[in-house]
Amino acid sequence: MSNSKYEITDIAHKTYPFLHRIRALQDIGDWAKAGDLGGFVESESNLAVDPDDAAWIFNDAIACGSAYVDQDSILMNDAIACDRAYVSYGSALYGSARVENDAYLRGALMYGRTRASGCAQLLCGADRAEGPLLSGHCQVFGTVRGCLRFSGSIIVLPHEEISNDLKDIAVHISDGGRRVLRSKDKDILKPQQEQSPQAKKPKKRGMER
């Protein structure tokens, strides 16, 4: 596929001259206009070239090596995707977040100085429900799935899996422990089904004539 989405400019990274800035050749999603400069890539193999894919790299963020960013995902600030990392399904990296080795992000958000390394997997829940959010200095080497919030210096070890596929309950895991974040609607009682105002009440047995 020819690349009508962006071009790789001659503007080299000051520290890593093998990386070059990208420039949008068209409007990309709601966040980049034709002519806007983006972050740095090593080659077109690092960022989706499909003109309908709003995946983008901003600021001084980097995608290099065999890392790949697609499906409306974004890298912001000084975030890095390197080695063979795969950032997909609307994932977003901010601050100095970093995904490396064979890490896979599917609908996840990373902030601060968080890391996803080794064979880490950060995955959205069933039916593309809300995905994990990492902030602070958290590091993930295992698997986290669903509506989970990690903050502080939490470490998820290799082969460890933490999952929450509930759509209306989030689990916040921090250095201080774990707590449940419930949706306000969760505590409101609702009828099982709406009853039509014209619906007649059934007669009691023994009353028929």
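Of all heavy-atom pairs spanning L105 and A108, the tightest one is CG-CB, 4.1 Å. Shortest non-hydrogen contact noted between I155 and E160 is O-OE1, 4.2 Å. Contact between I154 and I173 at its shortest, heavy atoms only, is CG1-O, 3.8 Å. A67 approaches A81 most closely through the heavy-atom pair CB-O, 3.4 Å. Taking both residues in full, the closest heavy atoms of A54 and D72 are given as N-OD1, 2.9 Å, listed atom of the first, atom of the second, then distance.
Q26 places a side-chain N or O within 3.5 Å of a backbone atom of P51 that can act as its donor or acceptor partner. A donor-acceptor pair is defined here as one N or O able to donate and one able to accept, closer than 3.5 Å; no such pair exists between the side chain of R98 and the backbone of S96. Looking only at distances, a side-chain donor or acceptor of D175 sits under 3.5 Å from a matching main-chain atom of S153. Put simply, the side chain of D27 gets close to the backbone of A34: a donor and an acceptor are under 3.5 Å apart. Side chain of K5 to backbone of L47: no donor-acceptor contact under 3.5 angstrom is found. Between the side chain of N164 and the main chain of I169, a donor-acceptor pair closer than 3.5 Å is present.
For the residue pair D70 and S88, a side-chain donor N or O sits within less than 3.5 Å of a side-chain acceptor on the partner. Between H137 and T114, the side chains place no donor N or O within less than 3.5 Å of an acceptor N or O (distance only, hydrogens not considered).
V99 and L157 sit in two unconnected hydrophobic clusters of ILVMFWY residues. Membership requires side-chain heavy atoms under 4.5 Å apart, directly or through other members. With hydrophobic clusters built from ILVMFWY side chains whose heavy atoms lie under 4.5 angstrom apart, I80 does not share a cluster with V87.
Atom OH of Y111 sits about 5.5 Å away from atom CG of L133, to the nearest 0.5 Å. In this structure, CD in E7 is found 13.5 Å from CZ in R21, a value given to the nearest 0.5 Å. Here H159 contributes atom NE2 and C119 contributes atom SG; the two are 8.0 Å apart, rounded to the nearest 0.5 Å. A distance of 8.5 Å separates CD of Q121 from CD of E161, quoted to the nearest 0.5 Å.
Ring-plane geometry between Y86 and Y104 is classed as parallel, the angle between the planes falling under 30 degrees on a 0 to 90 degree scale with a further cut at 60. The aromatic rings of H13 and Y16 are tilted relative to each other, their planes meeting at an angle between 30° and 60°.
Annotation for R113: atom CZ does not count as buried by contact number, only 12 or fewer foreign heavy atoms lying within 6.0 Å.
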